[in-house]
Asks: 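Can you read through this structure? Questions will come right after.
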Amino acid sequence: MRHIFAALLIAALTLPASAAQVPQSAAQVQLTFAPVVKRVAPAVVNVYARSVVQTPMNPLFADPFFQRFFGASPEFRQRVQQSLGSGVIVRADGVILTNNHVIENGQDIVVALSDRREFKAKVLLADSHTDLAVLKIDTKGEHLPTVDFGDSDRLQVGDLVLAIGDPFGVGQTVTMGIVSALARTQISASDYQFFIQTDAAINPGNSGGALVTTDGKLAGINTAIYSRTGESIGIGFAIPANLARRVVEGALGGGIKLPWFGADGQPVTAEIAQTIGLARPGGVLLKNVYPGGPAAGAGLKTSDVVVSIDGVDVEDMQALNYRIATHKAGDTVKAHVAGNGQPRDVAIKLGLPPESPPRDETLVSGRNPMAGAKIENLSPAAALDLQMALTAKGVVIVSTSPGTFAARYGFQQGDVIRSLNGTEVHSVGELVHALNASGGHWSLVVERGGQKLTLNVDG
């Protein structure tokens, strides 16, 4: 029944308006997506990621209170975790695109082709900021079927799309739907949040699979769903193919280095538009312009409104960052700008964010509340990676290792250490020295989300 519906819909869309009411021949009624699926499906694979995690045998002795006062050391046991997802072969020599969260922390990654052959996979690149990963399998010279990249900027709401993957591990499955919306942001699956929304059924296991157009081109990588039960309710999200192509190019070219705009801002609401004299809400009101950055070099200033990039409207900073991320350092983009006078077009030459001061990435060790935290100096490059304000300065936590003091005391990625025992912290070296010279008392002031938190520890 669904095939008949699809056939009727395709026939209606391809016929002139005067003849679009009913199919005009038996051949039109029999139209299906089978030829597209037959060509594309062999290039969609299953991805298994196996990891070994340690869990305390007795959670009581994992508590830092018992460790500090009773000298108890937790005993751990190993447990195997396995995640299941999908992937897309994008080069015939075995280059595969999937989601980062599918293979994250995996020690053994296996790719299963549609013909059931299995290969050990090597990770060429795993990027948490875009939630994309690029794998490589050794085909021993065999050319595998691939899916060609489409131009995701040409998608329109209402376009028919197919989602191909392995939901729930039941085997390769194809679902049909339409593009429900474009430029969805605030989905929290990626730092460069700009998603294609579709009602094609996407379920657990579909992550990393292909969202394809009806001509068999890759429109996006299925990534997330909105659901309270974990099952599809018709709201799925895919990372656009144009960003995925950049990530693959980076993986094959020595690493992904996304350019930066050199400014950040906020969406222009109706209230803001009225205040600054714009005819309608829309665009990004610049709040910070980094001196010497690409935006500043093009003459942009705070209170300017960036309405579009290369002719495509941007409604918030995530959409603007996405438009920049699809380019390379050295490219020039055209921005339409309003505010501070007459609307104008400006050319912005993109570059890489500076790493000044150097990151000096360090894993804190020893017996102190921050042991197990990875820290670094803030710079525009570090701030961009962590999606923080470009002007942020100080020492920031990049990550914490599970089961360590830092994790148990609740330190989080993006926490900025402002002071220790009443002395301001300006660099990684200062913080490490102060932690080790504290004399058993640590009074830490941490900035998180614009709020300052205090932690006092004695031990």
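Just so it is clear, the structure is predicted and the values come from calculations on it, not from any experiment.
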Asks: With distance as the sole test, does Asn99 use its side chain to make a donor-acceptor pair with the main-chain N or O of His101 at under 3.5 Å?
Replies: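 Answer holds: no.
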Asks: Determine, step by step, whether Ile196 and Leu155 satisfy the side chain to side chain contact (heavy atoms under 4.5 Å, CB included) criterion, reporting the C-alpha distance in whole Å, the side-chain angles of both residues, the deciding distance to 0.1 Å, and the verdict.
Replies: CA-CA 9 Å; Ile196 302 164; Leu155 283 178; 3.5 Å; yes
Asks: Closer than 4.0 angstrom, basic N to acidic O: yes or no for Asp148 and Arg245?
Replies: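 Looking at Arg245 together with Asp148, the answer is no, because their closest N to O distance does not fall below 4.0 Å.
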Asks: Salt bridge or not for Glu447 and Arg418, using N-O below 4.0 Å?
Replies: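 Yes, Glu447 and Arg418 are salt-bridged.
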Asks: For Thr400 and Phe411, work out which heavy atoms get closest and say how close.
Replies: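 Distance-wise, the nearest heavy atoms are CG2-O, 3.6 Å.
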Asks: With heavy-atom distances below 4.5 Å as the criterion, would you say the side chains of His143 and Arg91 are in contact?
Replies: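 Not in contact.
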Asks: Search all heavy atoms of Ala406 against all heavy atoms of Met370 and return the closest pair with its distance.
Replies: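 Residues Ala406 and Met370, closest heavy atoms: CB-O, 3.7 Å.
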Asks: Here's a test for you: under side-chain contact (heavy atoms from CB on, under 4.5 Å), which of Val312, Val157, Asp159 qualifies with Leu182?
Replies: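 One option only clears the test, and that one is Val157.
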Asks: In sequence, state the C-alpha distance, the side-chain angles, and the governing distance for Ile103 and Ile109, and then conclude on side chain to side chain contact (heavy atoms under 4.5 Å, CB included).
Replies: CA-CA 7 Å; Ile103 59 97; Ile109 299 170; 3.8 Å; yes
Asks: Between Thr98 (side chain) and Ile96 (backbone), is there a donor-acceptor pair under 3.5 Å?
Replies: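 Not a single qualifying donor-acceptor pair exists.
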Asks: With a 3.5 Å distance limit and no angle check, can you tell me whether Asp127 reaches the backbone of Thr130 through a side-chain donor-acceptor pair?
Replies: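 Pair found, side chain donor or acceptor close to backbone of Thr130.
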Asks: I need the minimum non-hydrogen distance between Val95 and Lys136, along with the two atoms involved.
Replies: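 Smallest interatomic distance, heavy atoms only, reads CG2-CD, 3.7 Å.
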Asks: Which atom names give the shortest non-hydrogen contact between Val147 and Lys217, and what distance separates them?
Replies: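 Heavy atoms of Val147 and Lys217 come nearest at CG1-C, 4.3 Å.
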Asks: Rounded to the nearest 0.5 Å, how far apart are CZ of Phe119 and OG1 of Thr139?
Replies: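 The OG1 atom of Thr139 is 7.5 Å from CZ of Phe119, to the nearest 0.5 Å.
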Asks: Side chains of Asn377 and Ser427: do they bring a donor and an acceptor to under 3.5 Å?
Replies: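 No.
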Asks: In Å and rounded to the nearest 0.5 Å, what is the NZ to CE distance from Lys393 to Met388?
Replies: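 CE of Met388 is found 13.5 Å from NZ of Lys393.
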Asks: With side chain to side chain contact (heavy atoms under 4.5 Å, CB included) as the criterion, how do Leu113 and Ile89 come out once you've worked through the C-alpha distance, each side chain's angles and the decisive distance to 0.1 Å?
Replies: CA-CA 10 Å; Leu113 304 186; Ile89 305 173; 4.2 Å; yes
Asks: Could you tell me the separation between the CG atom of Leu144 and the CD1 atom of Ile137, rounded to the nearest 0.5 Å?
Replies: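 Between Leu144 CG and Ile137 CD1, I get 5.5 Å after rounding to 0.5 Å.
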Asks: Could you tell me whether a side-chain N or O of His129 sits under 3.5 Å from a main-chain N or O of Asp385, the two making a donor and an acceptor?
Replies: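 Looks like yes, one N/O pair under 3.5 Å.
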Asks: Please determine whether salt bridge (charged side-chain N to carboxylate O under 4.0 Å, His left out) holds for the pair Arg323 and Asp313, giving the CA-CA distance in whole Å, both sets of side-chain angles, and the decisive distance to 0.1 Å.
Replies: CA-CA 10 Å; Arg323 290 291 159 197; Asp313 289 348; over 6 Å; no
Asks: Side chains of Ile178 and Asp199: closer than 4.5 Å at any heavy-atom pair?
Replies: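 Yes, at least one pair of side-chain atoms sits under 4.5 Å.
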Asks: State the OG-OH distance between Ser152 and Tyr322, to the nearest 0.5 angstrom.
Replies: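 OH of Tyr322 is found 4.0 Å from OG of Ser152.
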Asks: Could you tell me which non-hydrogen atom of Ala407 sits nearest to which non-hydrogen atom of Pro402, and how far apart they are?
Replies: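 Closest heavy-atom pair between Ala407 and Pro402: CB-CA, 4.3 Å.
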Asks: Only one of Asn242, Thr332, Asp310 passes side chain to side chain donor-acceptor pair (under 3.5 Å) with His327; say which it is.
Replies: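 Output: one option passes, namely Asp310.
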Asks: Checking the side chain of Asn222 only, and the main-chain atoms of Ala238 only, is there a donor and an acceptor separated by less than 3.5 Å?
Replies: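 Not at all, since once roles are kept as given, no pair shorter than 3.5 Å links the two residues.
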Asks: Check this for me: Glu355, atom CD, are more than 12 non-hydrogen atoms of other residues, nucleotides or ligands nearer than 6.0 Å?
Replies: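 More than 12 within 6.0 Å, yes.
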Asks: Quick one: pull up CD in Glu361 and CD in Glu376 and give me the separation to the nearest 0.5 Å.
Replies: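 Those atoms lie 5.5 Å apart.
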Asks: For residues Ile221 and Leu211, determine if any side-chain heavy atom of one lies less than 4.5 Å from a side-chain heavy atom of the other.
Replies: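 With C-beta onward as the side chain, the pair stays apart.
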Asks: State, yes or no, whether a side-chain contact exists between Lys328 and Lys257 at a heavy-atom distance under 4.5 Å.
Replies: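 No. Closest side-chain heavy atoms not under 4.5 Å.
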Asks: Taking all non-hydrogen atoms of both residues, which atom of Asp131 and which atom of Ile239 are closest, and how far apart?
Replies: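 Looking at all heavy atoms of both residues, the shortest contact is O-CD1, 3.9 Å.
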Asks: Run the side chain to side chain donor-acceptor pair (under 3.5 Å) test on Asn288 and Asp264 for me, step by step, so that the C-alpha distance in whole Å, both residues' side-chain angles and the decisive distance to 0.1 Å come before the verdict.
Replies: CA-CA 6 Å; Asn288 297 302; Asp264 58 22; 3.1 Å; yes
Asks: What I'd like to find out is whether the side chain of Ile375 reaches to under 4.5 Å of the side chain of Ile417, using heavy atoms alone.
Replies: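 No - every pair of side-chain heavy atoms lies 4.5 Å or more apart.
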Asks: So how far is it from Leu378 CG to Leu386 CG, rounded to the nearest 0.5 Å?
Replies: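 If I round to the nearest 0.5 Å, the distance is 7.0 Å.
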Asks: With side chains defined as the heavy atoms from C-beta onward, is the minimum distance between Thr269 and Pro281 less than 4.5 Å?
Replies: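 No, every pair of side-chain atoms sits at 4.5 Å or beyond.
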Asks: Flag the pair Ile164 / Val174 as yes when at least one side-chain heavy-atom distance between them is below 4.5 Å, and no otherwise.
Replies: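 Yes, at least one pair of side-chain atoms sits under 4.5 Å.
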Asks: Please step through side chain to side chain contact (heavy atoms under 4.5 Å, CB included) for the pair Gln318 and Asn321, ending with a clear verdict.
Replies: CA-CA 5 Å; Gln318 287 83 7; Asn321 282 338; 5.8 Å; no
Asks: Could you check whether any side-chain N or O of Thr362 sits under 3.5 Å from a backbone N or O of Val364, counting only pairs where one atom can act as donor and the other as acceptor?
Replies: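 Side chain of Thr362 to backbone of Val364, a donor-acceptor pair under 3.5 Å: no, none is there.
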Asks: How about CZ on Arg448, more than 12 heavy atoms from neighbouring residues, nucleotides or ligands closer than 6.0 Å, or not?
Replies: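 It does: Arg448 CZ has more than 12 such atoms within range.
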